[in-house]
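Heads up, the thing below is written out as structure tokens.
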There are 2 protein chains.
Amino acid sequence: MSAGRTARERVRAELTREITDIARRHLAVEGAAGLSLRAVAREMGMVSSAIYRYFPSRDDLLTALIIDGYNAVGEAVENADAARPREDHAGRWMAVCHAVRDWALAHPHEYALLYGSPVPGYKAPDDTVAAAVRDTVVYGRILADAHEAGALTPPDVLPPPPASFSTDALRVREVMPGLPDDLVARALAAWTGLFGWVSFELFGQFNSVILDPATAFDHTMRCHGMLLGLRSG
Amino acid sequence: MSAGRTARERVRAELTREITDIARRHLAVEGAAGLSLRAVAREMGMVSSAIYRYFPSRDDLLTALIIDGYNAVGEAVENADAARPREDHAGRWMAVCHAVRDWALAHPHEYALLYGSPVPGYKAPDDTVAAAVRDTVVYGRILADAHEAGALTPPDVLPPPPASFSTDALRVREVMPGLPDDLVARALAAWTGLFGWVSFELFGQFNSVILDPATAFDHTMRCHGMLLGLRSG
DNA sequence: GAGAAAACGAGAGCAGTGCTCTTGACGACT
DNA sequence: AGTCGTCAAGAGCACTGCTCTCGTTTTCTC
């Protein structure tokens with residue numbers, strides 16, 4: 001990755017990085033709708049058409065920012081998870097929840113780009129999925145660790161999922177090996193609950209109703225963890 | 001509302017409605033980003049500047065579409081709720097869930113406009129909140145009905161919310177009178193879980209993983225209902 | 001009913017956008 | 001040394017939101 005062979009490749013990599021850096025700054029300030037190739041070029045002292053040597057279209061630049069965003073939130077989640085002892089499964093879950101929310105609050109426009117409406121007529125998912133699942137992989141590992149340690153003891157108050165769910169559960173189980181179908185279903189509920197909450201809070205659905213979202217968020221995520229069987233110490 | 005006094009007011013109301021209708025059609029086809037005032041004017045046989053007599057800016061037109069959208073999903077939810085017997089609280093909850101999801105699948109771009117990223121630099125919430133809470137009011141009424149009937153018997157497996165949650169619970173309780181704080185907290189979890197799921201499904205987060213989202217959705221919402229104490233018959 | 005006032009559609013125009021094409025210069029390989 | 005590919009620059013196209021002006025038409029007021 002670093003130090004391309006020729007000088008041309010080196011300066012090209014550097015300019016590409018500079019473009020994405022400036023674009024990310026513009027994105028953070030005015031959002032995805034206000035990201036302008038010409039403005040980026042202007043700030044770089046280039047003419048607008050020169051940008052197209054590096055990104056074939058505006059959507060490609062946005063895709064690059066999306067991938068960077070997924071990696072950023074994935075890294076934040078990985079770090080939060082790694083900072084907890086491996087056997088503190090409940091603590092790791094809560095750390096992941098707060099990492100997602102904190103990152104979203106710090107980078108609202110980037111979060112909107114990742115988990116909000118798909119802006120430019122449905123992005124190409126092929127390049128992005130690899131980066132998009134980093135946080136999910138961490139989440140799955142927590143559950144798999146807890147299950148392997150026999151620490152996943154969910155309360156027996158929910159109905160089992162229908163048999164037709166098993167084929168989908170098979171695919172989800174790839175990131176949380178060993179979990180039975182009913183726990184896979186609960187894992188989906190908790191995961192969508194996490195992002196549903198963050199989206200509601202960030203997109204203004206809680207406006208003038210929930211004035212202390214941090215408290216309610218923490219409690220809600222703790223409940224989701226309990227339902228997963230992650231009994232906190 | 002109907003039949004304004006003068007002929008001018010009548011044609012003005014009709015043209016305003018025609019603009020929003022065409023705009024909604026364009027929105028449904030190409031999304032909010034592709035909505036163009038000039039294209040709407042072109043289809044109406046007007047010149048672009050004439051539109052500004054009816055909507056001072058593109059954002060105002062979008063705001064009108066947002067309000068219409070909130071009313072549409074609110075009406076769908078109200079109808080789904082009304083089609084069930086009043087005492088079938090669990091059935092009403094499931095009907096509301098499916099109404100939200102069905103409407104979202106039928107109007108993906110409109111759903112994205114309402115519950116996705118706030119597009120034009122944060123909309124003015126003042127005009128929209130009145131319409132935005134229609135579905136929430138239905139949801140709250142179901143829970144209040146169930147609670148009043150003594151049918152809200154949630155499993156005792158979750159920790160109580162912290163005391164500092166009570167002031168926020170006070171505001172939420174306005175739409176679900178009588179519910180204690182811990183049930184208000186569960187209501188928030190279920191509500192965000194519903195929209196979190198629909199957003200994940202609609203925005204492509206489930207792509208190539210959950211291939212039968214209808215089944216998983218139904219089961220997940222049933223679980224949310226159980227946790228609320230809505231034991232289905 | 002005549003005149004003032006407001007509302008209206010049309011048109012030109014400004015500043016901005018994504019994107020394409022061509023031109024001329026520089027760097028990299030044979 | 002010469003060829004070839006890459007590069008920045010510029011002009012230009014079609015489009016956008018929005019503003020302003022100019023006649024026309026409708027409404028309100030006297």
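Each chain gets a letter, A, B and so on, in the order the sequences are listed, and its residues count up from 1. Just the heavy atoms: all of them, side chains too, but no hydrogens, waters or symmetry mates, feed the values below.
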Quick test of your reading: applying salt bridge (charged side-chain N to carboxylate O under 4.0 Å, His left out), list the pairs with at least one residue in [range], sequence neighbours left out, ordered by first then second residue.
range                       : result
residues 207-225 of chain A : A:Asp218-A:Arg222
residues 66-81 of chain B   : B:Arg24-B:Asp68, B:Glu78-B:Arg134, B:Asp81-B:Arg92
residues 95-107 of chain A  : A:Arg101-A:Glu201
residues 31-40 of chain A   : none

* Not counting sequence neighbours, list each pair that qualifies as a side-chain hydrogen bond (donor to acceptor under 3.5 Å, both in side chains) and has a residue in residues 183-193 of chain B. => none

* For A:Ala50, what residues pass the side-chain contact (heavy atoms from CB on, under 4.5 Å) criterion, not counting sequence neighbours? -> A:Met46, A:Val47

* Can you name the side-chain contact (heavy atoms from CB on, under 4.5 Å) partners of B:Thr167, sequence neighbours left out? -> B:Arg171

What is the separation between atom [atom1] on [X] and atom [atom2] on [N], rounded to the nearest whole Å?
X       : N      : atom1 : atom2 : result
B:Glu9  : D:dC28 : CD    : C1'   : 12 Å
A:Met46 : C:dG18 : CE    : P     : 15 Å
A:Asp60 : C:dC19 : CG    : P     : 8 Å
B:Glu30 : C:dG18 : CD    : C1'   : 16 Å
B:Met44 : C:dC8  : CE    : P     : 13 Å
B:Arg12 : D:dT27 : CZ    : P     : 13 Å
A:Ile19 : D:dC7  : CD1   : P     : 11 Å

* **Inter-axis angle, terminal five-pair segments of the helix from C:dG1-D:dC30 to C:dA25-D:dT6 [nearest 10°]** => 0°

* Evaluate whether atom CD of A:Glu43 has more than 12 neighbouring non-hydrogen atoms of other residues, nucleotides or ligands under 6.0 angstrom away. => yes

Contact class for [X] (heavy atom, under 4.0 Å): base, sugar-phosphate, or nothing?
X       : result
A:Phe55 : nothing
A:Leu61 : nothing
A:Ile51 : nothing

* Let me see the working for B:His219 and A:Phe165 under side chain to side chain contact (heavy atoms under 4.5 Å, CB included), right down to the final yes or no. => CA-CA 9 Å; B:His219 174 255; A:Phe165 176 67; 5.9 Å; no

* Asked: Which parts of nucleotides 13-24 of chain D does protein reach within less than 4.0 Å, heavy atoms only, written one letter per nucleotide 5' to 3' as B for base, S for sugar-phosphate only and - for none?
  -> ---BBBBB----

* N/O (side chain, B:Tyr54) to phosphate O (OP1/OP2, C:dG9) under 4.0 Å -> yes

